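Some notes on the structure that comes next.
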Amino acid sequence: GQLYYECFDYGRAEAALRTRRRILDAVDRRLRTAPTEPLALDKVAEIAGVARSTIYTVFGSRAGLFDAFTDDLWQRNGLADLTAAVQTPDARAHLRGGIHAACRMFAGDLLVYRVLFSMARLDPDTVGGADRVAQVAGGAVGIAVPVDPGDLGGDRITPRRRGRGR
């Protein structure tokens with residue numbers, strides 16, 4: 001057997017990652033410095049030092065950019081901690097850990113979360129992945145599931161189905 005070595009230009013891959021990072025940082029910077037203005041991709045491109053077409057090349061679409069930005073925001077602010085906190089079947093530990101982790105997560109970039117939440121509420125079409133943005137900004141509400149009062153005594157919870165009303 002002959003060994004096959006794939007030729008890969010690590011310099012180009014690193015440059016692509018740096019470009020991606022600059023664009024995500026530009027979105028963050030723009031949301032912080034002009035929270036009441038629409039997020040124009042031309043302005044993001046200018047801040048990042050790239051052409052507008054580069055944003056589309058890297059992220060595919062405006063929605064792709066917002067999805068990548070919210071993913072990055074989650075990762076930077078402790079999504080892993082929030083996910084781990086709500087994995088426990090113990091209702092109290094789930095609720096306490098989830099609230100604690102969500103508060104730390106949102107406190108890490110409160111201004112940005114506020115801007116994203118406002119954008120998603122005021123004009124969901126302009127932010128592309130608006131459902132995802134709303135989840136990020138309002139996600140703390142979703143960490144506690146509705147529970148039947150009789151189930152709080154044990155170490156497991158039984159979520160109610162939404163819409164049954166009690």
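Here the structure is a predicted model, which means the values were calculated and not measured. The analysis underlying the following values was restricted to heavy atoms, covering all of them including side chains, and did not include hydrogens, waters or symmetry mates.
Note that CG of Asp90 is 8.5 Å distant from CZ of Arg96, once rounded to the nearest 0.5 Å. To the nearest 0.5 angstrom, Leu65 atom CG is 9.5 Å from Thr70 atom OG1. Interatomic distance, Leu95 CG to His100 NE2, rounded to the nearest 0.5 Å: 13.0 Å. To the nearest 0.5 angstrom, Tyr113 atom OH is 12.0 Å from Leu31 atom CG.
Of all heavy-atom pairs between Phe69 and Arg76, the closest is CE1-NH2, 4.2 Å. Across all non-hydrogen atoms, the minimal contact from Ile55 to Leu41 is CD1-O, 3.7 Å. Nearest heavy-atom pair, Ala85 versus Ala101, reported as atom, atom and distance to 0.1 Å: CB-CB, 4.2 Å. Between Val115 and Pro35, the closest heavy-atom pair is CG2-CB, 3.3 Å. Among all heavy-atom pairs drawn from Phe59 and Leu24, the shortest one is CZ-CD2, 3.9 Å. Closest approach of Arg62 and Tyr56 over heavy atoms only: N-CE2, 4.0 Å.
Between Leu82 and Trp74 the shortest side-chain heavy-atom distance does not fall below 4.5 Å. For the pair Met105 and Asp81, the minimum side-chain heavy-atom distance is 4.5 Å or more. Counting only heavy atoms from C-beta outward, the side chains of Ile47 and Thr33 never approach each other to under 4.5 Å.
Looking at Asp72 and Arg20, no side-chain N of the basic residue comes within less than 4.0 Å of a carboxylate O on the acidic one, giving no salt bridge.
Criterion: ILVMFWY side-chain heavy atoms under 4.5 Å apart, direct or through other members. Under it, Leu110 and Ile99 are not part of a common hydrophobic cluster.
Every side-chain hydrogen bond (donor to acceptor under 3.5 Å, both in side chains) that Asp25 has, sequence neighbours left out, goes to Arg21.
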